[in-house]
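All heavy atoms count here, side chains included; hydrogens, waters and symmetry mates do not. Please read all numbers here as calculations on a predicted model, not as lab measurements.
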Amino acid sequence: MTSLDVITERSDPAVQRIIDVTKPSRSVVRTALIEDSEPLMQSIRAGVELIEVYGLETVPLPGDLLAACEQRGVPVRLLSPAIANQVFKTEKKPKAFGICRVPRPCGFADLTGRKGDLVLLDGVKIVGNIGAIVRTSFALGASGIVLVDSDLVSIADRRLIRASRGYVFSLPIVLASRAEALRHFQDNGMRLMAFEAGGALTVRDLGGIDERLVLMFGSEKTGASGEFSGISAESASIPMNPEAESLNVSVSVGIALHARAHRNLA
């Protein structure tokens, strides 16, 4: 890939394809935008099908990204400055980006048979936090994430892909209602550990539990829903300065998974 074609005409079909995929609201999400080299590389490693990758004519694309695209037969082209301005208008222009076909949504069946802990986020809605949790969960060996009442309609949300640095495609993430999640955990006899202030256990105690757990976290303001109380008889807390109101939920998940990493990464 020593010489790349440059898109200079507004009539090129790729231009409208890019504009369409950047629209904030679409009724059907079949394609998604992946921005920046690191998320693109991680998506390729995860086996995501990329339709085409683009760069800016004025900024060289990284060699490892070009090599990965060439190896997998992904077309790569550049946008001229004029076309880039038309596509992104007032937005910050990513130096590299691609359009992918959205993988099929994960269901609870995709979580069955996996050994690492599950992370259950109940009412966590800030996409930046969810993205950070996805990245940490993958790094520390969690086997999947269940999102309840997240307001997301797809894991291929552009904000979530960006916040997770592309790791959103690297482990199963299930969007579910509380009733669906509750039924799955009950039917499979899974041990649920709710994180809350004043929990009976501390995060240090989790290191000695040698079985798969569901680690449940609620929003920082309201906590987890009481609907899970029937199967969340156990609770854990993270020791902290009593003068601090709370920890960011993504930090809390990271601390909990670090305490469990010796098991989840074994």
Given side chains that start at C-beta, do those of [X] and [Y] come closer than 4.5 Å, heavy atoms only?
X    : Y    : result
L213 : L192 : no
F185 : V146 : yes
L247 : V249 : no
Y54  : L78  : no
L171 : S143 : no
L140 : N264 : no

Heavy-atom neighbours of R114 CZ exceed 12 at 6.0 Å: yes

Crowding at CG, D187 (>12 non-hydrogen neighbours, <6.0 Å): yes

Look at [X] together with [Y] and state whether they make a salt bridge at an N to O cut-off of under 4.0 Å.
X    : Y    : result
K95  : E35  : no
R162 : D36  : no
D151 : K125 : yes
E9   : R77  : no
R263 : E211 : no

Counterpart residues, salt bridge (Lys or Arg N to Asp or Glu O under 4.0 Å), relative to [X] (two or more places apart):
X    : answer
E57  : none
E38  : R135, R165
D157 : R159
R212 : none

Between [X] and [Y], is there a donor-acceptor pair closer than 3.5 Å when you use the side chain of the first and the backbone of the second?
X    : Y    : value
N188 : M190 : no
S80  : I7   : yes
S164 : G131 : no

Worked check of side-chain contact (heavy atoms from CB on, under 4.5 Å) between L147 and I130: CA-CA 9 Å; L147 298 179; I130 298 173; 4.1 Å; yes

Residue pair I133, L121: steps toward the side-chain contact (heavy atoms from CB on, under 4.5 Å) verdict: CA-CA 9 Å; I133 290 167; L121 301 181; 3.8 Å; yes

Donor-acceptor pair between S170 and Q42 side chains, under 3.5 angstrom: yes

Residue list, side chain to side chain donor-acceptor pair (under 3.5 Å) with R72, at least two apart or on another chain: none

For S252, all residues meeting side chain to side chain donor-acceptor pair (under 3.5 Å), sequence neighbours excluded: none

Full working for side-chain contact (heavy atoms from CB on, under 4.5 Å) between L152 and V127: CA-CA 9 Å; L152 291 170; V127 177; 4.2 Å; yes

Considering residues at least two apart in sequence or located in another chain, which fulfil the side-chain contact (heavy atoms from CB on, under 4.5 Å) criterion with [X]?
X    : result
E180 : F108, A176, S177, R183
N85  : K93
P62  : S37, D64, L65

Pairs of donor and acceptor atoms involving the side chains of residues 96-107, under 3.5 Å and at least two apart or interchain, shall be tabulated with distances.
{"unit_1": "R101", "atom_1": "NH1", "unit_2": "E49", "atom_2": "OE2", "d": "2.8"}
{"unit_1": "R104", "atom_1": "NH1", "unit_2": "D110", "atom_2": "OD2", "d": "3.3"}
{"unit_1": "R104", "atom_1": "NH2", "unit_2": "D110", "atom_2": "OD1", "d": "2.7"}

Trace of the side-chain contact (heavy atoms from CB on, under 4.5 Å) decision for L215 with L118: CA-CA 6 Å; L215 307 174; L118 287 177; over 6 Å; no

ring-ring contact (aromatic ring centres under 6.0 Å, His included) against F138, all qualifying residues, sequence neighbours excluded: Y167

Pair listing, salt bridge (charged side-chain N to carboxylate O under 4.0 Å, His left out) test, anchored in residues 137-146, at least two apart: none

